[in-house]
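Scope of the values below: all heavy atoms of this structure, side chains included, with no hydrogens, waters or symmetry mates. Please read all numbers here as calculations on a predicted model, not as lab measurements. Letters go in sequence order (proteins before strands), and every chain restarts at 1.
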Amino acid sequence: MNVLAELRSRFRTALESLDATAGEYADMVLPSQDAKFGDYQANCAMPLGKRLGKPPRDIAGQLVEQLDLTDLCETPEIAGPGFINLKLKEDWLVSQLQQTINDHQQLGIIPTAEPKTFVLDYSSPNVAKPMHVGHIRSTVIGDALCRILRQLGHRVISDNHIGDWGTQFGMIIYGYKHFADEAALNEDAVAELSRLYKLVNQLVEHHETRERKIPEIEQQVVELVARLEQMHDATELEVDKERKKAAKQLKQAEGNLAGLRATLDSLRNKVAAVDNDPKLSELAAAHPEIGTAVLAETAALHAGDQTNQSLWDRFLPACLQSIDEVYNRLGVTFDHSLGESFYQSRLAGVVQDLTQRGLARESDGAICVFLDGHKAPFIIQKKDGAFLYATTDLATVQYRLEQWQPDTIVYVVDHRQSLHFEQLFATVRLWGHEDVKLEHVSFGTVLGEDGRPYKTRSGTAVGLSGLLDEAVQRAHKIVSENDDAREKPLLSAEERLQVAERIGLGAIKYADLAHNRTSDYVFSYDKMLAMNGNTAAYMQYSYARVRSIFDRGEIEVEALRAGGTTISLDEPAERALAVALLRFSEALERVVADYRPNHLTTYLFDLASAYSSFFENCPVLKAESDQLRNSRLLLCDLTARTIVRGLNLLGIQVVERM
RNA sequence: GCCCCGAUAGCUCAGCUGGAUAGAGCAACGGACUUCUAAUCCGUAGGUCGCAGGUUCGAAUCCUGCUCGGGGUGCCA
């Protein structure tokens with residue numbers, strides 16, 4: 001049962017009987033901020049009173065008279081300026097829980113009244129380079145959204161838009177042609193390809209930095225220094241305001257200058273690192289045009305060059321397999337993995353169609369879509385004829401519309417690409433696709449404990465598998481130490497390994513999901529593996545503690561569920577737990593409303609807290625009577641099942657003992 | 001320059017379309033283990049919600065300006 005939805009629906013009826021257009025205020029029924037105000041509160045009397053020109057408390061009174069809540073709630077109370085406080089009836093709570101006990105499929109979750117079709121685009125790694133920390137958020141958030149939408153009864157098509165056709169592959173091809181070690185390639189193709197990619201990328205960067213970036217910044221420094229000279233003169237200004245402004249600009253310019261010089265230093269160090277390495281500097285000298293050569297290899301691939309195509313055919317399976325290994329470990333699956341290459345044949349048609357419709361035109365040799373409110377155009381074909389990810393994304397939208405007729409396409413991609421998606425969406429609209437909803441579900445950067453993007457000491461991105469290994473290893477240490485500290489250890493060596501895997505992976509996923517996706521978050525093993533606070537480990541521990549009661553008491557769960565015991569909620573901790581259990585649906589709806597899985601983690605944490613309180617205050621196996629014992633066991637059972645279901649919807653597994 | 005996002009307790013973060021005295025966890029302090037997993041629980045302390053105005057019955061939340069930080073910004077993805 002979605003309690004909130006039910007209450008809103010009852011309020012809607014009452015509101016409309018007061019004023020035909022007042023139904024919208026039903027959304028102002030909310031969970032109470034403070035338990036002392038009851039379980040839910042309605043704040044609609046204030047704005048409605050204002051609109052009708054009547055005292056809000058009178059409106060509240062009329063509303064309460066109109067409301068039909070007798071089955072659900074105690075008599076509503078009017079407080080303050082016109083808040084209506086609602087407290088759920090105990091017998092209603094009991095009846096709802098009672099229904100949930102044998103509802104294995106839905107566990108009380110109400111399927112949506114209006115199922116929609118979603119295409120979910122997430123993860124989207126590049127085949128050439130190993131997955132790194134940056135991919136984790138898209139993968140984990142996307143997977144959770146996929147599971148939750150499905151649980152609510154929506155049709156979801158998950159599609160991994162793999163980057164298998166871009167410049168990175170040109171790098172691999174170039175690397176293969178010039179630097180390949182055939183023996184290594186046969187031994188471990190992915191490792192060798194990754195080495196080639198890194199090498200070529202480094203050389204390209206090297207030339208790019210030396211020949212373009214550094215001179216550019218040097219030029220900027222010169223200009224800025226010149227401007228600073230003039231600004232010093234400006235401090236003689238008479239007028240206070242202007243002098244203040246000039247001082248501020250001076251300060252900013254000085255800051256900019258320092259920043260530029262720091263950038264310059266780091267770039268020069270990078271160049272020097274290659275120059276000082278005899279092997280690398282030799283390679284760099286031998287491949288002065290590597291940047292354009294790589295683009296040429298990419299262009300040749302796109303143009304159907306036989307050699308490059310066959311290299312692509314040869315290398316791709318191994319790349320995909322290594323990606324799949326990560327997904328298998330994470331338990332993430334996709335309905336489709338239609339990479340960029342899949343859309344190759346449609347790209348020319350997309351450009352042609354947009355051009356013919358007069359939506360795109362040539363500018364400086366490139367084909368561009370110019371959009372209102374955007375200074376920069378959306379470039380769909382480069383002057384050298386190559387297509388871009390803008391083109392592929394347009395073709396992808398077209399294909400998805402044809403193939404699946406979705407109501408919504410969701411892109412789980414980091415926030416740095418928001419401009420791209422703004423332009424993409426605007427272009428899709430111009431193209432005539434008005435009906436489909438397009439959502440960029442963006443998320444922030446994963447930071448290190450120093451507050452800067454999470455990188456290795458050498459400055460490269462942290463590899464994803466290493467990250468998972470580290471978390472699992474730390475989890476194993478914690479699990480072992482804890483178990484060893486017991487009088488009689490619970491876990492076999494094998495069990496410890498399995499538990500560590502689930503706790504470690506769960507920690508990473510949960511930490512990611514528990515943060516509001518739009519903000520950056522600081523990656524910390526210690527925090528994510530903590531037993532206190534809003535972590536996977538705490539949730540898993542809560543679950544294991546519930547299960548231990550069933551073990552200890554040798555309880556047959558099926559018999560218990562079929563036993564027909566009436567749940568009683570006399571203790572405040574029991575009642576609080578019951579209310580928490582019934583809010584599961586509500587939490588899932590909130591997740592879906594704005595694609596924020598952290599609403600579910602918050603819910604689960606609140607549920608686990610309510611359970612802890614209950615566990616502390618209400619003896620279960622030693623309850624005063626069999627009736628009470630069974631009632632509490634049922635509450636335990638429902639808690640355990642809700643935690644499992646909730647964690648599973650986040651892609652996290654539980655353990656029976658830890 | 002322009003555009004987007006952010007700033008909440010010492011630290012890491014919540015805060016649902018404006019609601020009652022702004023909440024967690026960590027760290028600090030004080031309690032609770034002959035007890036169903038103490039990897040826990042309970043309590044205390046800690047905040048001019050970046051700054052200044054405005055909108056209104058009511059603002060962390062909406063509007064304007066400012067400060068600071070991050071990101072993006074014509075042929076990478």
Side-chain angles (χ1 to χ4, degrees), chain A residues 4 24 27-28 30-34 36-37 41 43 46-47 49-50 56 79-83 85 124 126 163 166-168 248 295 340 363-368 373-384 386 388-390 392-393 413-420 422 442 444-445 447 449 451 453 478-479 481-483 485-486 490 514-516 518-522 524 526-527 530-535 537-538 540-542 544-553 586 590 593-594 596 598-599 601-602 605-606 609 612-613 615-623 632 636 657-658:
Chain A
L4 185 58
E24 54 179 310
D27 285 348
M28 297 188 80
L30 297 166
S32 285
Q33 302 284 336
D34 192 318
K36 76 177 176 211
F37 299 130
Q41 62 181 32
N43 305 333
M46 284 82 81
K50 189 172 173 66
F83 295 105
N85 291 329
S124 316
N126 275 315
T167 311
Q168 355 82 21
K248 190 184 120 192
L295 290 182
E340 292 171 347
S363 166
D364 290 343
I367 309 293
C368 303
H374 290 280
K375 234 167 122 187
F378 196 49
I379 300 176
I380 56 175
Q381 188 169 22
K382 302 201 289 184
K383 63 181 166 200
D384 67 1
L388 300 101
Y389 76 131
T392 315
D393 277 359
V413 179
D414 78 279
H415 71 278
R416 285 172 302 196
Q417 291 192 40
S418 44
L419 176 59
H420 167 72
E422 265 179 47
S442 70
T445 309
L447 306 176
E449 305 214 35
I478 295 170
V479 168
E481 280 173 3
N482 182 66
D483 201 35
R486 288 186 172 120
L490 277 173
H515 287 87
N516 185 331
T518 53
S519 42
D520 295 346
Y521 89 95
V522 175
S524 157
D526 288 335
K527 290 215 165 83
M531 281 313 305
N532 261 342
N534 193 7
T535 66
Y538 176 80
Q540 287 162 323
Y541 179 68
S542 301
R545 282 213 298 181
V546 187
R547 296 297 307 152
S548 75
I549 292 180
F550 287 83
D551 267 2
R552 177 65 60 107
E586 213 173 289
R590 279 190 68 189
D594 50 4
R596 287 180 201 270
N598 67 311
H599 292 312
T601 60
T602 301
F605 182 58
D606 288 344
S609 304
S612 280
S613 234
F615 183 84
E616 206 68 23
N617 292 304
C618 305
V620 178
L621 295 175
K622 292 171 192 164
R632 288 180 176 168
C636 288
R657 302 190 298 179
M658 61 186 275

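Dashed line: the shortest gap from a side-chain N or O of A:Arg552 to OP1 or OP2 of B:rU37 is under 4.0 Å. Phosphate proximity of B:rC41 to A:Tyr538: present, with a side-chain N or O under 4.0 Å from OP1 or OP2.
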- [ ] At under 4.0 Å between heavy atoms, which parts of nucleotides 69-74 of chain B does protein reach? Answer with one letter per nucleotide, 5' to 3': B base, S sugar-phosphate only, - none.
- [x] --SSSB

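Only the P atoms considered, B:rG70 is 45 Å distant from B:rG31, to the nearest whole Å. Taking the P atoms as reference points, B:rA27 lies 15 Å from B:rC42, given to the whole Å. Between B:rU34 and B:rA38, the distance separating the two C1' atoms is 15 Å to the nearest Å. For the P atom pair drawn from B:rC62 and B:rC5, the interatomic distance equals 11 Å after rounding to whole Å. B:rA7 and B:rG15: their C1' atoms are spaced 15 Å apart (whole Å). Comparing the C1' positions of B:rC29 and B:rU35 gives an interatomic distance of 27 Å, to the nearest angstrom. The same atom, C1', is picked in B:rA39 and in B:rC26; the two are 15 Å apart, to the nearest Å. With both ends at atom P, the span from B:rG6 to B:rG10 equals 23 Å, rounded to whole Å.
Side-chain contact between A:Asp520 and A:His415 is present, with heavy atoms from C-beta onward closer than 4.5 Å. Residues A:Asp27 and A:Glu24 have side chains not in contact (no heavy-atom distance under 4.5 Å, counting atoms from C-beta outward).
A:Pro619 meets the side chain to side chain contact (heavy atoms under 4.5 Å, CB included) test with A:Lys622, A:Arg632; sequence neighbours excluded. Residues forming a ring pair (Phe, Tyr, Trp, His ring centres under 6.0 Å) with A:His599 (at least two apart in sequence, or on another chain): none. By the side-chain hydrogen bond (donor to acceptor under 3.5 Å, both in side chains) test, A:Arg596 is found to be paired with A:Asn516, A:Asp594, residues two or more places apart in sequence or in another chain being considered. Scanning for ring pair (Phe, Tyr, Trp, His ring centres under 6.0 Å) contacts around A:Tyr541 gives an empty result, with sequence neighbours left out. Checked against ring pair (Phe, Tyr, Trp, His ring centres under 6.0 Å), A:Tyr521 has the following partners two or more places apart in sequence or in another chain: A:His515. Every ring pair (Phe, Tyr, Trp, His ring centres under 6.0 Å) that A:Phe605 has, sequence neighbours left out, goes to A:Tyr538. Take A:Val522 and apply the side chain to side chain contact (heavy atoms under 4.5 Å, CB included) test, not counting sequence neighbours, and it matches A:Leu447, A:Glu449. With sequence neighbours left out, A:Asp364 forms a side chain to side chain contact (heavy atoms under 4.5 Å, CB included) with no residue at all. Residues forming a side chain to side chain contact (heavy atoms under 4.5 Å, CB included) with A:Ser548 (at least two apart in sequence, or on another chain): none.
B:rU8 atom C1' lies 13 Å from atom CG of A:Asn516, rounded to whole Å. Atom CG in A:Asp594 sits about 14 Å away from atom C1' in B:rU61, given to the nearest Å. Distance A:Asp414 CG to B:rC4 P: 18 Å, rounded to the nearest Å. Between the CG atom of A:Asn617 and the P atom of B:rC36 there is a distance of 16 Å, given to the nearest Å. One can place CG of A:Asn43 at 5 Å from C1' of B:rG19, the figure rounded to the nearest angstrom. Following rounding to the nearest Å, A:Asp34 (CG) and B:rU21 (P) show an atom-to-atom distance of 11 Å. Rounded to whole angstrom, the span from the CG atom of A:Leu490 across to the C1' atom of B:rA38 amounts to 14 Å. A:Phe83 has its CZ atom 11 Å from the C1' atom of B:rG18, to the nearest Å.
Within the 3.5 Å criterion, the main-chain N or O of A:Pro453 finds no donor-acceptor partner in the side chain of A:Thr445. Although no hydrogens or angles enter the test, the distance criterion places no donor-acceptor pair under 3.5 Å between the side chain of A:Asp483 and the main chain of A:Val479.
Consecutive pairing runs in RNA chain B reach the stem threshold at B:1-7 with B:67-73, B:10-13 with B:23-26, B:28-32 with B:40-44, B:50-54 with B:62-66, where a stem means at least three Watson-Crick or G-U wobble pairs with distances under 3.5 Å.
Checked against B:rU37, B:rC36, B:rC13, the side chain of A:Ser519 finds its nearest nucleotide in B:rC13. When the nucleotides B:rU56, B:rU37, B:rU12 are ranked by their closest atom to the side chain of A:Lys50, B:rU56 comes out on top. The listed nucleotides are B:rA39, B:rU37, B:rU17; the one nearest the side chain of A:Leu30 is B:rU17. Between B:rA20, B:rU37, B:rC13, one nucleotide has an atom nearer to the side chain of A:Ile549 than all others, and that is B:rU37.
Counting any heavy atom pair closer than 4.0 Å across all strands shown, A:Leu388 reaches sugar-phosphate atoms only and no base atom. Among the protein residues, A:Ala79 comes within range of the nucleic acid bases, having at least one heavy atom under 4.0 Å from a base atom. As judged by a 4.0 angstrom heavy-atom cut-off over every strand, A:Pro56 is placed among residues making no nucleic acid contact. Among the heavy atoms of the strands, none lies under 4.0 Å from A:Ile367. Base engagement by A:Gln33 is indicated by at least one non-hydrogen atom pair under 4.0 Å involving a base atom. If you check every strand for non-hydrogen atoms under 4.0 Å, A:Asn598 touches sugar and phosphate atoms only. Using a 4.0 Å heavy-atom distance criterion, A:Glu481 is classed as making no nucleic acid contact. At a threshold of 4.0 angstrom between heavy atoms, the contacts of A:Arg596 with the nucleic acid are absent. Among the atoms of the strands shown, none is found under 4.0 Å from any heavy atom of A:Asp393. In this structure, A:Ser612 reaches the sugar-phosphate backbone alone: every heavy-atom distance under 4.0 Å involves primed, P, OP1 or OP2 atoms, never a base. Across all strands, A:Val620 comes closer than 4.0 Å to base atoms (heavy-atom distances).
Between the side chain of A:Arg486 and the base of B:rU37, at least one donor-acceptor pair of N or O atoms lies under 3.5 Å. Taking 3.5 Å as the limit, the base of B:rA14 and the side chain of A:Asp606 contain no donor-acceptor pair of atoms between them.
Aromatic ring orientation, A:His420 versus A:Tyr389: parallel (interplanar angle below 30°, classes split at 30° and 60°).
Distance check, rounded to the nearest 0.5 Å: CG of A:Leu490 to CG of A:Asn482 gives 9.0 Å.
When each of A:Arg547 and A:Ala390 is assigned the nucleotide of RNA chain B with its nearest heavy atom, A:Arg547 is the one assigned upstream, toward the 5' end. RNA chain B is contacted by both A:Met46 and A:His420; A:Met46 maps to the nucleotide lying nearer its 5′ end (nearest heavy atom per residue).
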Please tabulate, one pair per line, each protein N/O and nucleotide N/O from nucleotides 24-33 of chain B that are separated by under 3.5 Å, including the distance.
| unit_1 | atom_1 | unit_2 | atom_2 | d |
| --- | --- | --- | --- | --- |
| B:rC26 | OP1 | A:Asn532 | ND2 | 2.4 |

